[in-house]
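Values below: all heavy atoms of this structure, side chains included; hydrogens, waters and symmetry mates excluded.
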Amino acid sequence: MSARALFDRCSDGALFERLAWKYRSVLFQNPSPSERRSWENSLPALAEVLCDAGLDDIDVLIEYRLPLTSLRADVVLAGSHPATGRPSYVIVELKQWSEARLVPGTDNLCLVAGMGNRPALHPVAQVRRYCDYLQDFTNVLNDQEDSVAGVAYLHYAVDRDVSELLRLPDASAQLFTDTSRGELIKYLRTRLSPLEGSPEGDSLLDSPHAPGRQLMRAAAAELIDGGEFLLMDEQEVAARLVKRAANLSRQSDQKEVIVISGGPGSGKSIIALHLMGHLGRNGRSVVHATGSKSFTTTLRHVVGTKNGRIPKLFRYFFDFTSAERNGLDVLICDEAHRIRQRSARQGTNAGHRSSRRQVEELIDAARVPVFLLDEHQVVRPGEMGSVETIDEAAHARGCIVRHVDLNSQFRCGGSRAYEHWVLRLLGLEPGGPIQWQPEENFELFVAESPQKMESYLRGRQESGYTSRMTAGFCWPWSDPRTDGSLVDDVVIGEWRRPWNLRGEHPSSGAPVSSLWATDPSGFGQIGCIYTAQGFEYSWNGVVFGPDLVWRGNGWRAVPGESKDYSVKKATPEAFGRLICNTYKVLLTRGLAGTVLYSTDPETRAMLASLVPTGIKQGP
């Protein structure tokens, strides 16, 4: 609608009922009272500014949803630039704040009166990110320099009550208060002409969504120019198949799906990162997606160290529910065994759930969908990523499916034998457990106590090798105490250690949950399947808990000993399969070696009978 229409409709209240109806139709729930107050108080204030600026005919897009995300910009103003005549957009973040100050020691976190001690992102930092995001993922804006700007308007505040927030200068986003209302009017006139803005608004709404060329070049520089990924044998085969399919995709009417299978460390993620860089450097739109919060967060952290725009290329599987069909050239689905039946988040109203399966959404989202998976890493109920599932969905859509098997290449010090030993140990390959034959490139020990296990691994850590300890989910997982100290939940006799942190706020020197496997301060906390899956470190300690014990000549899975409530609800048969897969993942995180310990004496004795060399050092 135009700015004048917004002004007129704010006065009769019909607009807010329309917004509430739209909110319910999209989110399948009623807007909160605070959401309604925001519309009722902030939109009229903005409408008055626009009309006072003489911008009655520009287009106003309310609650604009950013591409491939659930984030919504309060308002996007669309029109033409007064100097160049080219399309020009202003993202407006509306705040009802009256008083706010910076969090001490930060320049972009705020404490807001009436919101308690919960920090909020500085509104300029917030709207600046929205500007970058919109430009990065909207095709009509890809190479349009200076086409998007942002403002934060604190219409209830005066400068003196938010003075600390005024210290954050930014070329692409600015903050205005009631004190500087006149300056806001002047600023908007420098960004938008008084001409009708509906063509620019329609262009934005109709634009395909995909990573822009500038973003892809930035990613290529970060992922490739900083160092080539050397691909070997079937890794190179897999990468070349994807490149070929991408080259053909724009001319061919038939879509290709590439399925790459491999065990832990077989190079799946190296292939993914190589492809991200190569395709981006060659002008292809490519996005990386996983179903793992820890894995995606770490990738974003690692590749975004020098360029904060790159992490937006690393997404989650559920981000593609409403993605444009074939909107991407390539979608790389890493850790594809984590694919679920549906994309809806837990608690989503049934009416809001997609009618398509998640695997279908991912196939539909790109010209070349690429799936990298290890079928033995399905460890949670509801996960159903498998070669068979992907094949069935792809063939049903008339796609060509190409497979690459990386299982001749393994991460564990080059030891194919260790991977085979683990699969036989856990009954994931037939034949039963076998003796471990010492390997030159990989070491395996069974510890007599958790103290000996930790002592040995600490020595490895102090010698410069990354080391971590993991365990089956057989102990409660507490939040930190009020003083920030961690609770020693994992108790085995006199040995007590905490789990890694559950959330994304560091405490007592421990890293956040998603960085436990990669941050040097992760040693000393115990990781579980939720933080270890997808990562690797030089030395790996694994505690078998009482949820999986050896009795007689076979494994016995014990649901009553599990504290993983989502898994223990599975049927006994499914529980046993998921627990064996869980320990398979935990056992295959180490690059150089693994130390095993079981809380159960009979299990410990069985493991010791298979592994002739024990730990000689430690208490």
Is the side chain of Gln358 donor-acceptor paired with the backbone N or O of Arg340 at a distance under 3.5 Å, no angle test?
yes

Suppose we screen for side chain to side chain donor-acceptor pair (under 3.5 Å). Which residues come up paired with Asn326, at least two apart in sequence or across chains?
Lys255

Quick check: does any side chain N or O of Lys568 sit under 3.5 Å from a backbone N or O of Ser562, one acting as donor and the other as acceptor?
yes

In short, Thr599 meets Pro601 closest at the heavy-atom pair O-CD, 3.7 Å

Heavy-atom distance under 4.5 Å between the side chains of Phe371 and Asp391, does that happen here?
no

Which residues share a salt bridge (charged side-chain N to carboxylate O under 4.0 Å, His left out) with Asp547, sequence neighbours left out
none

Taking the side chain as everything from C-beta on, heavy atoms only, tell me whether Glu602 gets closer than 4.5 Å to Arg604.
no

With a 4.5 Å limit on heavy-atom distance, are the side chains of Ser343 and Phe317 in contact?
no

Donor-acceptor pair between Ser521 and Asp519 side chains, under 3.5 angstrom
yes

Partners passing side-chain contact (heavy atoms from CB on, under 4.5 Å) against Arg502 (at least two apart in sequence or in another chain)
Trp477, Asp479

Is there a side-chain contact between Trp516 and Arg468 in this structure, where contact means two heavy atoms from C-beta onward sitting under 4.5 Å apart?
yes

Set of salt bridge (charged side-chain N to carboxylate O under 4.0 Å, His left out) partners for Asp364, sequence neighbours left out
Arg325, Arg356, Arg397

For Arg497, all residues meeting salt bridge (charged side-chain N to carboxylate O under 4.0 Å, His left out), sequence neighbours excluded
Glu454

Compare every heavy atom of Val585 with every heavy atom of Arg589, then report the nearest pair and how far apart it is.
NE-O, 2.6 Å

If you count heavy atoms of other groups shown closer than 6.0 angstrom to CD of Glu448, is the number above 12?
no

Decide yes or no for Cys580 and Leu428: does some side-chain heavy atom of the first lie under 4.5 Å from some side-chain heavy atom of the second?
yes

Take Asp374 and Lys584 through the salt bridge (Lys or Arg N to Asp or Glu O under 4.0 Å) test and state the conclusion after the steps.
CA-CA 11 Å; Asp374 175 3; Lys584 187 263 184 181; 2.8 Å; yes

Set of side-chain contact (heavy atoms from CB on, under 4.5 Å) partners for Ser386, sequence neighbours left out:
Glu375, Glu388, Thr389

Is the count of non-hydrogen atoms from other residues, nucleotides or ligands lying under 6.0 Å from Arg556 atom CZ greater than 12?
no

Step-by-step side chain to side chain contact (heavy atoms under 4.5 Å, CB included) determination, Leu425 to Met606:
CA-CA 10 Å; Leu425 172 71; Met606 182 275 294; 4.2 Å; yes

Residues passing the ring-ring contact (aromatic ring centres under 6.0 Å, His included) test with Trp550, sequence neighbours excluded, are Trp555

Looking only at side-chain N and O atoms, does Asp564 offer a donor or acceptor that is under 3.5 Å from a partner on Tyr530?
yes

Are Val611 and Trp421 close enough that some pair of their side-chain heavy atoms sits under 4.5 Å apart?
yes

Quick one, Asp132 and Lys312 - any side-chain contact, counting heavy atoms below 4.5 Å?
yes

Phe575: ring-ring contact (aromatic ring centres under 6.0 Å, His included) partners, not counting sequence neighbours:
none

Go through the structure and list residues passing side-chain contact (heavy atoms from CB on, under 4.5 Å) with Gln254, not counting sequence neighbours.
Ser252, Ile400

Taking every heavy atom of Thr470 against every heavy atom of Ala532, the minimum-distance pair comes out as CG2-CB, 4.1 Å

If you compare all heavy atoms of Arg424 against all heavy atoms of Gly432, which two are closest, and at what distance to 0.1 Å?
NE-O, 2.7 Å

Take Leu275 and Val286 through the test side chain to side chain contact (heavy atoms under 4.5 Å, CB included) and record every step on the way to the result.
CA-CA 9 Å; Leu275 289 170; Val286 57; 5.8 Å; no

Taking only residues two or more places apart in sequence, or in another chain, which ones meet Ala394 in a side-chain contact (heavy atoms from CB on, under 4.5 Å)?
Val257, Ile363, Cys399, Val401

Applying ring-ring contact (aromatic ring centres under 6.0 Å, His included), can you list everything that pairs with Phe523, at least two apart in sequence or on another chain?
none

Can you tell me how far the CD1 atom of Ile332 sits from the CZ atom of Arg315, to the nearest 0.5 Å?
14.5 Å

Is the Phe445 ring parallel, tilted or perpendicular to the Trp539 ring (thresholds 30°, 60°)?
parallel

What distance separates Leu586 CG from Ile529 CD1, expressed to the nearest 0.5 Å?
5.0 Å

Could you tell me if the side chain of Phe442 sits less than 4.5 Å from the side chain of Thr594, heavy atoms only?
yes

Backbone of Leu406 reached by a side-chain donor or acceptor of Ser261 within 3.5 Å:
no

Provide the closest heavy-atom pair for Leu241 versus Arg402 in the form atom of the first, atom of the second, distance.
CD2-CD, 4.1 Å

I'd like to check the salt bridge (charged side-chain N to carboxylate O under 4.0 Å, His left out) partners of Arg577; sequence neighbours left out, ordered by chain and number.
none

